[in-house]
Colleague: 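Before I ask anything, let me first share the structure, which is written out below as structure tokens.
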Amino acid sequence: MTDDSIYINVSEGSKRVMNNTKLYSKLLDKFKADQSLSEIKTALAEGDMIKAKTSAHALKGLTANLSLTELYNQCVELENQIKAGAVKDEQLNLFYDVYDKTLVEIDKVINQYA
């Protein structure tokens, strides 16, 4: 198994699917098609904090289930800021950066186990 990074806890994630790393990699691949990020971006651009909160919450749950550890942490912070009605640009930029880095790590895991 790969070393767990700050972005993906492969050990934990694969345990959630009874150590079936092939299934875990399929779930990670499916995550890449998730629309929550684009929904968050659109909702924030439109000032729709309810939709942004709902999408951030959904993404938070998905990242928790897949053990995408750092993205989960950023989802928690983003959701808290959305609830407070004051999303900081720094947090949003960090969130997007971690999302992109997580996708890179996902591809590494998929290539290893698919």
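What's counted below: heavy atoms across the whole structure, side chains too, no hydrogens, waters or symmetry copies. The first residue in the sequence is number 1, and the count goes up from there.
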Colleague: Tell me whether the count of non-hydrogen atoms from other residues, nucleotides or ligands lying under 6.0 Å of NZ in Lys53 goes above 12.
Modeller: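 At most 12 heavy atoms, drawn from other residues, nucleotides or ligands, come within 6.0 Å of this atom.
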Colleague: Nearest 0.5 Å please: distance from the CG atom of Asn20 over to the OG atom of Ser14.
Modeller: 9.0 Å
Colleague: Is a side-chain N or O of Ser25 found less than 3.5 angstrom from the main chain of Ile110, in a donor-acceptor match?
Modeller: no
Colleague: How about Lys32: does its NZ atom have over 12 heavy atoms from other parts shown lying under 6.0 Å from it?
Modeller: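 For Lys32, atom NZ is crowded (more than 12 foreign heavy atoms under 6.0 Å).
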Colleague: Does Tyr7, at its OH atom, have more than 12 non-hydrogen atoms belonging to other residues, nucleotides or ligands within less than 6.0 Å?
Modeller: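 Result for OH/Tyr7: enclosed.
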Colleague: Mind checking the SG-CD1 spacing from Cys75 to Ile82? Nearest 0.5 Å is all I need.
Modeller: 9.0 Å
Colleague: First locate atom CZ of Phe95, then atom CD of Gln74, and finally report the distance between them rounded to the nearest 0.5 Å.
Modeller: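 Phe95 CZ to Gln74 CD: 8.5 Å, rounded to 0.5 Å.
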Colleague: Are Leu28 and Leu68 close enough, and set up right, to give a side-chain contact (heavy atoms from CB on, under 4.5 Å), and what steps lead you there?
Modeller: CA-CA 9 Å; Leu28 290 173; Leu68 305 178; 3.8 Å; yes
Colleague: Do Lys41 and Tyr96 make a side-chain contact, defined as non-hydrogen atoms from C-beta onward lying under 4.5 Å apart?
Modeller: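 Yes, side chains in contact.
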Colleague: Does a side-chain heavy-atom distance below 4.5 Å link Val10 with Tyr113?
Modeller: yes
Colleague: Which heavy-atom pair separates Tyr24 from Asn9 by the least distance, and what is that distance?
Modeller: OH-O, 4.0 Å
Colleague: Does Val76 belong to the same Ile/Leu/Val/Met/Phe/Trp/Tyr cluster as Phe31, with side-chain heavy atoms less than 4.5 Å apart forming each link?
Modeller: no
Colleague: Under 3.5 Å, side chain of Thr69 to main-chain N/O of Ile6, donor-acceptor pair present?
Modeller: yes
Colleague: Using 4.0 Å as the upper bound for N to carboxylate O, is an ion pair formed by Asp29 and Lys26?
Modeller: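 Salt bridge between Lys26 and Asp29, a charged N being under 4.0 Å from a carboxylate O: no.
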Colleague: Taking atom types as modelled, find out whether Gln35 and Ser38 have a side-chain donor-acceptor pair closer than 3.5 angstrom.
Modeller: yes
Colleague: Looking only at non-hydrogen atoms, find the nearest pair between Ser67 and Gly13 and report the distance.
Modeller: OG-N, 3.3 Å
Colleague: Is it the case that the side chain of Gln81 and the backbone of Lys88 share a donor-acceptor pair, with hydrogens and angles ignored and the cut-off at 3.5 Å?
Modeller: yes
Colleague: How many angstroms lie between OG1 in Thr63 and CG in Asn73, if you round to the nearest 0.5 Å?
Modeller: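 Here the rounded value is 8.5 Å.
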Colleague: Counting only N and O atoms by type, is there a donor-acceptor contact under 3.5 Å from the side chain of Thr42 to the main-chain atoms of Glu39?
Modeller: no
Colleague: Is Lys15 salt-bridged to Glu12, going by a charged N under 4.0 Å from an acidic O?
Modeller: no
Colleague: What's the separation between atom CG in Asp107 and atom OG1 in Thr102, rounded to the nearest 0.5 Å?
Modeller: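 Here the interatomic distance stands at 11.0 Å.
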Colleague: What verdict does the side-chain contact (heavy atoms from CB on, under 4.5 Å) test give for Val87 and Met49, after you've listed the backbone C-alpha separation in whole Å, the side-chain angles of each residue and the deciding distance to 0.1 Å?
Modeller: CA-CA 10 Å; Val87 178; Met49 299 306 257; 4.0 Å; yes
Colleague: According to a hydrophobic-cluster definition based on side-chain heavy atoms being under 4.5 Å apart (Ile, Leu, Val, Met, Phe, Trp, Tyr only), do Tyr72 and Tyr99 belong together?
Modeller: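 Unlinked, Tyr72 and Tyr99 end up in two clusters.
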Colleague: Say you draw a straight line from CG of Leu78 to CD1 of Ile40; how long is it, rounded to the nearest 0.5 Å?
Modeller: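 Result: 6.0 Å between the selected atoms.
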